[in-house]
Visitor: 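Structure in structure tokens, see below.
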Amino acid sequence: MKSVDHPYFGHLEVPSVDETEVIWEGTAALASSEVEVQLWAAPDSGLDAEELDAFATHLADLPALDTAARAAIRENLRQDRYFIDHHADELDDIEVIKRLTEEANGEAIGVDAFTAAMHPAGIGLWHLIGEPGTRIVMDYTIDAATSDELLAVKVARDGAVVSVDWES
């Protein structure tokens, strides 16, 4: 199907050019903020109503997806805290790092505190494209204004976290 009218996303059309592109942009509510969301599709992917419905369901229950993503981030940082240490060393003058360092009271910044201070910088919905098994990518940052370093939490259609990857 080359176009579809979806209850959540509205009218969508598959890109007519040879490149994957954003076919919908919007925001989703999370706590007291809004997160930017982009829906990507490829010219040859068609539009699958069940896939779009799954995206809409996840966006409607974004707090649950955020909870799963943060649990995966926490586990990832417990196994390898270099992402935290990098930010503590390189961005020691930004407010959030100053606060976390002060709260650590002479110790290393804690994994739980760092994870809680991170926030989603954006969500990518990958319609039948991208890595096999990965449909949603949630990008988390400690401070988007001062760092392009983020943890990308990759999620399957069923909401299971597939991986947490450090990207910039």
Side-chain angles (χ1 to χ4, degrees), residues 1-17 19-80 83-84 87 96 111-145 147-168:
M1 169 181 344
K2 293 293 181 187
S3 69
V4 67
D5 290 310
H6 190 269
Y8 187 94
F9 299 105
H11 184 74
L12 300 172
E13 292 187 20
V14 175
S16 58
V17 293
E19 296 180 18
T20 298
E21 64 181 52
V22 175
I23 62 169
W24 180 87
E25 292 182 271
T27 59
L30 182 62
S32 61
S33 64
E34 296 282 319
V35 181
E36 291 184 22
V37 181
Q38 295 181 323
L39 173 59
W40 294 82
D44 58 351
S45 69
L47 292 170
D48 180 89
E50 288 182 22
E51 183 89 354
L52 296 171
D53 290 345
F55 289 152
T57 298
H58 287 302
L59 292 176
D61 193 15
L62 196 52
L65 199 58
D66 178 62
T67 297
R70 288 179 187 278
I73 289 171
R74 228 179 338 275
E75 181 59 30
N76 178 275
L77 294 175
R78 282 191 178 112
Q79 293 176 18
D80 181 0
F83 188 84
I84 298 172
H87 283 80
V96 66
V111 168
D112 291 340
F114 191 88
T115 302
M118 295 186 80
H119 57 88
I123 300 172
L125 308 174
W126 296 88
H127 184 271
L128 303 177
I129 55 176
E131 297 175 28
T134 300
R135 293 291 172 247
I136 302 169
V137 179
M138 301 177 70
D139 294 333
Y140 284 80
T141 182
I142 195 68
D143 187 332
S147 175
D148 66 350
E149 307 287 329
L150 47 89
L151 292 178
V153 180
K154 298 177 180 178
V155 180
R157 180 175 170 177
D158 66 0
V161 173
V162 176
S163 68
V164 177
D165 301 314
W166 184 348
E167 297 180 359
S168 65

Visitor: Could you pull out the closest heavy-atom pair between Val14 and Pro43, with the gap in Å?
Guide: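 Heavy atoms of Val14 and Pro43 come nearest at CG1-O, 3.1 Å.
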
Visitor: Could you give the distance from CD1 (Ile142) to CZ (Phe83), rounded to the nearest 0.5 Å?
Guide: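 The distance works out to 7.5 Å.
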
Visitor: Shortest non-hydrogen contact from His127 to Asp48?
Guide: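 That would be NE2-N, 2.9 Å.
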
Visitor: Over all heavy atoms of both residues, which pair between Leu47 and Ser3 is shortest? Give the atoms and the distance, please.
Guide: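 Residues Leu47 and Ser3, closest heavy atoms: CD1-CA, 3.8 Å.
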
Visitor: How long is the span from the CG atom in Asp143 to the CG atom in Leu150, to the nearest 0.5 Å?
Guide: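 Asp143 atom CG to Leu150 atom CG measures 12.5 Å (nearest 0.5 Å).
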
Visitor: Could you go through the side chain to side chain contact (heavy atoms under 4.5 Å, CB included) check for Ile123 and Leu65 one step at a time?
Guide: CA-CA 11 Å; Ile123 300 172; Leu65 199 58; 5.9 Å; no

Visitor: Applying ring pair (Phe, Tyr, Trp, His ring centres under 6.0 Å), name anything that partners Tyr140, two or more places apart in sequence or on another chain.
Guide: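 Tyr140 satisfies ring pair (Phe, Tyr, Trp, His ring centres under 6.0 Å) with no other residue.
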
Visitor: Applying side chain to side chain contact (heavy atoms under 4.5 Å, CB included), run through Leu62 and Met138 and close with a yes or a no.
Guide: CA-CA 11 Å; Leu62 196 52; Met138 301 177 70; 4.1 Å; yes

Visitor: At their closest point, which heavy atom of His58 faces which heavy atom of Ala156, and how far apart are they?
Guide: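 Between these two residues, the closest heavy atoms are NE2-O, 4.4 Å.
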
Visitor: For Glu21, is the CD atom crowded, meaning more than 12 foreign heavy atoms sit under 6.0 Å from it?
Guide: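 Above 12, so yes.
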
Visitor: Could you tell me how the ring of Trp166 sits relative to the ring of His87: parallel (under 30°), tilted (30 to 60°) or perpendicular (over 60°)?
Guide: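 Geometry flag for His87 against Trp166: tilted rings.
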
Visitor: Starting from the C-alpha separation in whole Å, work towards a yes-or-no answer on side chain to side chain contact (heavy atoms under 4.5 Å, CB included) for Leu52 and Leu39.
Guide: CA-CA 9 Å; Leu52 296 171; Leu39 173 59; 3.8 Å; yes

Visitor: Under the salt bridge (Lys or Arg N to Asp or Glu O under 4.0 Å) rule, what do Arg78 and Asp112 come out as? Steps first, then yes or no, please.
Guide: CA-CA 9 Å; Arg78 282 191 178 112; Asp112 291 340; 2.7 Å; yes

Visitor: How far apart are the closest heavy atoms of Ala121 and Thr141, and which atoms are they?
Guide: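 Smallest heavy-atom distance, with atoms named: CB-CG2, 3.9 Å.
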
Visitor: Do any N or O atoms from the side chain of Arg70 and from the backbone of Thr115 form a donor-acceptor pair under 3.5 angstrom?
Guide: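 The answer is yes, because a donor-acceptor pair under 3.5 Å joins these two groups.
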
Visitor: Checking Arg135 side chain against Phe55 main chain: does a donor-acceptor pair fall under 3.5 Å?
Guide: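 The answer is no, because no donor-acceptor pair under 3.5 Å joins these two groups.
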
Visitor: If only atom types and distance count, is the side chain of His119 paired as donor or acceptor with the main-chain N or O of Val35 below 3.5 Å?
Guide: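 No, because the side chain of His119 does not come within donor-acceptor range (under 3.5 Å) of the backbone of Val35.
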
Visitor: Let me confirm one number: the NE2-CD distance from His6 to Glu51, rounded to the nearest 0.5 Å.
Guide: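 Atom-to-atom, His6:NE2 and Glu51:CD are 10.5 Å apart.
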
Visitor: With side chain to side chain contact (heavy atoms under 4.5 Å, CB included) as the criterion, how do Tyr8 and Thr57 come out once you've worked through the C-alpha distance, each side chain's angles and the decisive distance to 0.1 Å?
Guide: CA-CA 9 Å; Tyr8 187 94; Thr57 298; over 6 Å; no

Visitor: Can you name the nearest heavy-atom pair linking Pro15 to Ala41, along with the distance?
Guide: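 Closest approach of Pro15 to Ala41: CG-O, 3.4 Å.
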
Visitor: Distance check, rounded to the nearest 0.5 Å: Gln38 atom CD versus Leu125 atom CG?
Guide: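 Result: 9.0 Å between the selected atoms.
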
Visitor: Could you measure the distance from the CG atom of Leu151 to the CD1 atom of Ile73? Nearest 0.5 Å is fine.
Guide: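 So the CG of Leu151 and the CD1 of Ile73 are separated by 5.5 Å.
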
Visitor: Heavy-atom distance under 4.5 Å between the side chains of Phe9 and Val37, does that happen here?
Guide: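 No, side chains not in contact.
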
Visitor: Just verifying a value: how many Å separate Trp40 CH2 and Glu19 CD, rounded to the nearest 0.5 Å?
Guide: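 The distance works out to 10.0 Å.
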
